[in-house]
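Structure record follows, encoded as structure tokens.
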Amino acid sequence: MDKATDNTPRVRTRFPPSPTGALHLGGARTALFNWLFARHHGGDFVLRLEDTDRKRSKDEHVQGILAAMDWLGLDYDEGPHYQTKRLERYRQAIDQMLEHGRAYWCHCSPEELTKKREAAMAVGGKPMYDGACRDKNLGPAPGAVVRYKGPRSGSTTFKDLVKGPITFDHKELDDLIILRSDGWPTYHLAVVVDDIDMGISHVIRGDDHVNNTPRQILLYQALDAELPQFAHVPMILGPDKTKLSKRHGATAVMDYLDLGYLPEAMINALARLGWSHGDQEKFSRQELIDYFDLNSVGRSAAVFDTDRLLHLNQRYIQESDPARLAALLPPFLAARGITDYDQAVLLACLPELTPRAKTLVELADWAEPFLVDEPAMDPKAVKKFLGPERVPVLERVRALVEAKGVDHPQELEQDIKSLAGELGVKLGEVAQPVRVALTGRTFSPGIFEVMGILGDGRVMARLNRALTLASK
Ligand code: GLU
């Protein structure tokens with residue numbers, strides 16, 4: 001691990017979501033990359049809530065974001081900081097810029113600005129602020145804003161750690177507002193002041209922020225601060241190569257918890273959004289920390305592939321300890337109305353079920369027949385496998401179970417095979433009615449394993465119930 005040494009500044013990354021909605025896949029990927037980069041370099045990861053949009057920021061979204069970070073295991077060394085608690089500091093930074101002639105009060109009214117914008121666009125120009133108040137030396141006034149006094153010529157170049165060098169002509173940038181007329185700082189000002197104060201060494205974020213970077217670099221300079229390094233990671237597309245949206249399925253991280261995904265599958269899928277390590281698909285958390293670096297973040301858009309996520313989830317479910325799965329299952333069982341069940345039975349059936357389930361929702365479905373007193377009977381399965389013609393077979397099986405019990409599945413298997421031979425039918429002709437009798441379904445683990453888990457009493461009760469059904 002490349003630990004920061006004395007002459008390299010300590011690596012400090014941040015994740016600064018705006019709590020105006022749930023944490024989405026793109027945000028979670030940004031959080032993960034910042035977390036991995038900090039962990040890889042033995043640095044710090046800072047969480048900051050950019051909650052200055054007073055209309056759209058909600059405490060429920062803050063709680064949702066914190067819960068998602070927790071679910072994904074993205075622990076932070078500092079924070080959460082809240083921008084709304086730092087307003088005084090932003091005012092101080094703005095005053096400093098005003099004092100040094102790097103910012104100015106602007107009295108242009110919104111109506112005037114709209115008129116100018118429309119006039120500029122009418123002659124094919126850009127709707128940029130014309131700098132009318134730049135040299136007027138105005139002071140504060142009701143409705144006034146403070147603007148950054150930007151350079152009129154020259155250019156800014158920065159070396160993006162993912163995209164390489166990027167240059168912006170200063171003529172493209174107008175004097176941006178740093179203090180709004182309502183007394184609140186703008187995003188650009190607050191983000192820069194925060195990143196300076198919090199000693200952020202690397203700003204890793206989505207490439208929708210590339211255009212903001214030169215403006216922010218100029219603000220660092222106006223505040224006489226050192227620049228962090230910037231890395232803009234590629235955008236995320238759906239499998240059809242259009243921008244990822246609800247059309248492609250769930251986009252909020254916590255929806256995946258409800259859909260029955262394990263956080264490690266989610267982390268793996270998120271890590272692969274733009275980053276790769278050879279063609280390895282599945283990584284432990286430690287492997288991700290060991291291998292992650294910005295050099296291996298690609299420049300082209302990343303595709304979020306739900307099939308890949310599902311496949312990873314299946315593998316992680318298979319590898320999970322039954323006790324852990326049993327602890328995660330209650331909400332998924334409750335969603336099926338199962339709240340009162342025998343924990344020992346659940347633990348006993350899980351090893352049979354995990355190879356079959358891709359999500360915890362599916363796992364709860366597979367587990368249902370083992371946990372309820374009387375499983376729901378699938379009418380199609382009943383029609384096909386529990387008709388009157390099955391009564392003799394079921395009676396023979398019941399007699400075998402009654403005589404021998406279910407504790408020796410291999411013996412029972414032999415007996416039932418002999419029974420099939422004696423009746424001149426394939427094993428399936430015996431097994432399938434028994435399966436439907438025991439589980440209400442045509443799909444289940446092997447019937448002898450099912451019998452072993454259910455135990456004599458329940459097997460007998462279910463065979464009796466099936467015989468009653470079949471005799472009708
Ligand atoms: N609050 C901003 C966002 O959620 C942060 C952008 C940044 O990383 O600078 O997009």
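This is a predicted model, so every value here is computed, not measured. All ligand and atom numbering here is 1-based and tracks the order in the structure.
- For Phe292 and Phe33, the distance between ring centers is under 6.0 angstrom.
- The protein atom (non-hydrogen) at minimum distance from atom 1 (N) of ligand 1 is Glu50 OE1, 2.6 Å.
- For atom 10 (O) of ligand 1, the closest heavy atom belonging to the protein is His209 NE2, 3.1 Å.
- Heavy atoms of Tyr187 approach ligand 1 to within less than 4.0 angstrom.
- Separation of atoms NE2 (His188) and OH (Tyr148) is listed at 12.0 Å; rounding is to 0.5 Å.
- In this structure, the protein non-hydrogen atom closest to atom 8 (O) of ligand 1 is Arg14 NH1, 2.7 Å.
- Between Phe230 and Phe158, the ring-plane angle classifies as perpendicular under the 30° and 60° cut-offs.
- Taking every non-hydrogen atom of Arg205 and a distance limit under 4.0 Å, the qualifying atoms of ligand 1 come out as 7 (C), 8 (O), 9 (O).
- Between Pro16 and ligand 1, at least one pair of N/O atoms sits closer than 3.5 Å.
- Listed by number with element, the atoms of ligand 1 under 4.0 angstrom from any heavy atom of Val191 are 9 (O).
- Partner of Asp197 under the salt bridge (Lys or Arg N to Asp or Glu O under 4.0 Å) criterion, out of Arg48, Arg86, Arg14, Arg12: Arg86 alone.
- The list of side-chain hydrogen bond (donor to acceptor under 3.5 Å, both in side chains) pairs with a residue in residues 249-260, not counting sequence neighbours, reads His24-Thr251.
- Applying the side chain to side chain contact (heavy atoms under 4.5 Å, CB included) criterion to Thr52, with sequence neighbours excluded, gives Gln83, Trp184.
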